[in-house]
Amino acid sequence: MDLSVIVQIVPTIAFFIASVLIYLTSQAIYRLHFSPLSSIPGPKLAALTYWYEFYYDGYQGGKYTFKIKEFHEKHGPIVRINPHHVHINDINFYDTIYAPGGAKHLRNKIRWLAIDLDAMFNTYDAALHRKRRAAVASPFSKQAIRALEPAIFEIINDSMGRLQKLANHVAPNLHAWGRMFPWVFKFIEKIPMSVLAVFDKRLLGADKFDKEIGAQIKEVLKTDEPHIGIKNVFHEMRDSKHLPTEDKCFSYYKSEAASFVAAGTETTASALTTLTYFVLANPDILHTLREELKTVMPINSTELPPTSTLENLPYLTGVIQEGIRLSFSVPGRLPRTAPDEELVYKGYRLPPGTVISQSSYLLHTDEKVFPEAFKFKPERWVNDTDFHIRRHFVAFSRGARGCIGINLAYAELYPAVAALFSRFELKLYKTSGRDVEFASDRFIGHKPEGSQGGYGHGADVLIDREHEAQSHEPLMRHTLAPELLALFKIVNNVLDLTPLPQLQIIHSRKY
Ligand code: HEM
């Protein structure tokens, strides 16, 4: 290059570098010394740059939640975890953030979350969210879910029957590649599933789901007339007076269906597999559970008592609560902002717009509330007569953005657990506590790399018949949860679609 050109561009480059340095230095000084959050305790590096959070969550893979726990141990109940985000670990301040009355506090973008469907879950505008949620509130109400009980039982009985039948057959153990590369979904969303299925036969299930769901939606969209008879969620949305007209379309319904599948399967399934592991790993727990179940249902019977009866069983309730608590389905920060309000926590002023969160992982492993927190102890719920630990239980979050599927989750779990442990004698096979351990927070809690849960969603619980360890082929790769969602007619065949936790039954016999 001509020397005169170099002489000309050097000052420009120097100016550019100097400007960047001045900008970064002034930003650093501001963040550390002048930001309204500068007095909040926490590591200086976290206050200085987002790269700190990214290092743990992006580079190390979902590890920041564990680091945040360490920050709290060192700095107390309030810490600054990035330049604009304050994390609090105090149940007494939980409702102030999440359930302040109405939808005053907005959900902030969940960092590193790959899925960005235009559905209720990802709606950040409070007014729009209210309308979208109101449109589906009724089918998720306790009353509506109760009305589905016969259908839920039918599906559970069907699943148990298939479990029995499948016990002597061998099925392939599929590993969806989406497990390893969740971001791929961002791209594949744009490509028709039928095209993708040509390249990966494992996506044939997804293609089938895509077509079925598409056909259902088209059918619903054929007319504007209110639906008579049993409604599915699409009828509910179409007939809703709350849902904005522009949402009453094919693409929105499809996004919402995908969001329900994502939010409703992995979470419930993870609770079911986690509790299955712990119950089978602890013969005393299994024994106590069965003894209690015997009081309301004959062993070996396909008749299930009403869910309301099962809900009154204290030990079964304890088993389910511990399963949900220790599955760490949604373990991390659920960021909120208070756009028009200054919040004050223990004298620390958090100006309007500050991103604030708490994490269920921290609250659910607080030794003062849950002694021996990582142990599966159903009795802690039985003895919770003063509702002390129930008050600290936030697996479903709270408030206007709390889980809409909570009633469905319990309506699935109670009869499923009752049926599973009263009808089958099961034994763990090649499964240890590590396979259900929470190792990485990717919005959904993931299991350790190399475990049965894989470095991805959910956990596999391998179950074996007591004395027949010679043939250990996995026979079943799903939990009941996805099937139960079919009740809403939004999912017909998700079993081969999603990288779901696998309940692999080697063999089972009647108990
Ligand atoms: C054990 C099972 C489940 C757990 C632990 C769980 C947990 C959660 C949590 C923590 C949230 C976020 C709330 C927030 O940001 O404050 C959430 C939201 C949501 N859940 Fe669940 N969930 C479960 C089952 C289900 C089921 C069965 C469905 C049924 C489709 C479902 C559908 C949803 C939806 C649609 C949202 C978004 C709500 C909104 O943005 O208004 N969940 N869930």
Side-chain angles (χ1 to χ4, degrees), residues 94-95 97-100 103 105-110 113 115 117-126 128-137 139-141 144-145 148 152 232-233 236-237 242 255-275 320-337 356-361 363-364 393-414 416-417 438 441 443-445 458 479-491 494 498 501:
Y94 196 88
D95 287 352
I97 300 173
Y98 292 96
H105 297 170
L106 310 181
R107 174 182 282 163
N108 197 249
K109 261 235 179 272
I110 295 163
L113 188 64
I115 302 161
L117 294 165
D118 181 28
M120 174 177 63
F121 188 89
N122 300 84
T123 309
Y124 298 101
D125 177 79
L128 180 59
H129 172 262
R130 202 168 35 247
K131 290 178 194 162
R132 287 178 164 182
R133 184 153 169 142
V136 287
F140 282 104
S141 69
I145 299 289
L148 288 173
I152 293 179
N232 62 37
V233 273
E236 296 279 355
M237 289 192 276
H242 303 287
S255 293
E256 205 60 284
S259 152
F260 288 150
V261 172
T265 54
E266 196 71 41
T267 46
T268 319
S270 182
L272 191 56
T273 43
T274 300
L275 75 82
I320 289 171
Q321 290 295 92
E322 283 294 83
I324 296 173
R325 184 179 72 87
L326 288 174
S327 59
F328 300 113
S329 286
V330 185
R333 27 209 202 288
L334 295 168
R336 297 287 193 271
T337 57
I356 311 166
S357 65
Q358 299 216 23
S359 297
S360 65
Y361 171 68
L363 292 164
H364 290 172
F393 182 72
V394 294
F396 296 93
S397 185
R398 290 182 190 156
R401 299 303 298 248
C403 178
I404 199 171
I406 181 169
N407 296 320
L408 177 61
Y410 282 114
E412 292 170 1
L413 286 169
Y414 272 96
V417 176
F438 163 47
D441 174 9
F443 189 67
I444 295 285
T479 63
L480 306 170
E483 287 195 304
L484 298 176
L485 269 176
L487 292 171
F488 283 89
K489 301 267 193 308
I490 59 170
V491 184
V494 291
T498 48

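As a basis for the values below, the full set of heavy atoms in this structure was taken, side chains included, without hydrogen atoms, waters or symmetry mates. In listed order, ligands and their atoms are each counted from 1.
- Not counting sequence neighbours, Arg336 has no partner by the side chain to side chain donor-acceptor pair (under 3.5 Å) test.
- Taking the charged nitrogens against the carboxylate oxygens, Arg130 and Asp125 have no contact shorter than 4.0 Å, which rules out a salt bridge.
- Distances from atom 38 (C) of ligand 1 to the heavy atoms of Arg130, Arg107, Arg133 put Arg133 nearest.
- Looking only at distances, no side-chain donor or acceptor of His364 sits under 3.5 Å from a matching main-chain atom of Phe328.
- Counting atoms of ligand 1 from 1 in the listed order, those under 4.0 Å from a heavy atom of His129 are 39 (C), 40 (O), 41 (O).
- Each of the following atoms of ligand 1 lies closer than 4.0 Å to a heavy atom of Ser397: 13 (C), 14 (C), 16 (O).
- The contact set between ligand 1 and Val330, taken as ligand atoms under 4.0 Å from a residue heavy atom, comprises 7 (C), 10 (C).
- Within the 4.0 Å heavy-atom shell around ligand 1 one finds Phe140.
- Put simply, the side chain of Ser359 gets close to the backbone of Arg333: a donor and an acceptor are under 3.5 Å apart.
- For ligand 1, the atoms closer than 4.0 angstrom to any heavy atom of Ala395 are 5 (C), 7 (C), 10 (C).
- Looking at Ser259 next to ligand 1, no N or O pair under 3.5 Å apart turns up.
- Using a 4.0 Å cut-off between heavy atoms, Arg336 contacts ligand 1 through its side chain alone, with no backbone atom that close.
- Atoms of ligand 1 found under 4.0 Å from any heavy atom of Arg401 (numbered from 1 in listed order, with element): 13 (C), 14 (C), 15 (O), 16 (O), 39 (C), 40 (O), 41 (O).
- Looking only at distances, no side-chain donor or acceptor of Arg132 sits under 3.5 Å from a matching main-chain atom of Phe121.
- Around atom 35 (C) of ligand 1, the closest heavy atom drawn from Ile404, Ile406, Leu413 belongs to Ile404.
- Within the 3.5 Å criterion, the main-chain N or O of Asp95 finds no donor-acceptor partner in the side chain of Arg398.
- Using a 4.0 Å cut-off to heavy atoms of Leu334, the atoms of ligand 1 that qualify are 14 (C), 15 (O), 16 (O).
- In this structure, His242 contributes its side chain and Ala134 its backbone to no donor-acceptor pair below 3.5 Å.
- Not a single ring-ring contact (aromatic ring centres under 6.0 Å, His included) links His129 to another residue, sequence neighbours left out.
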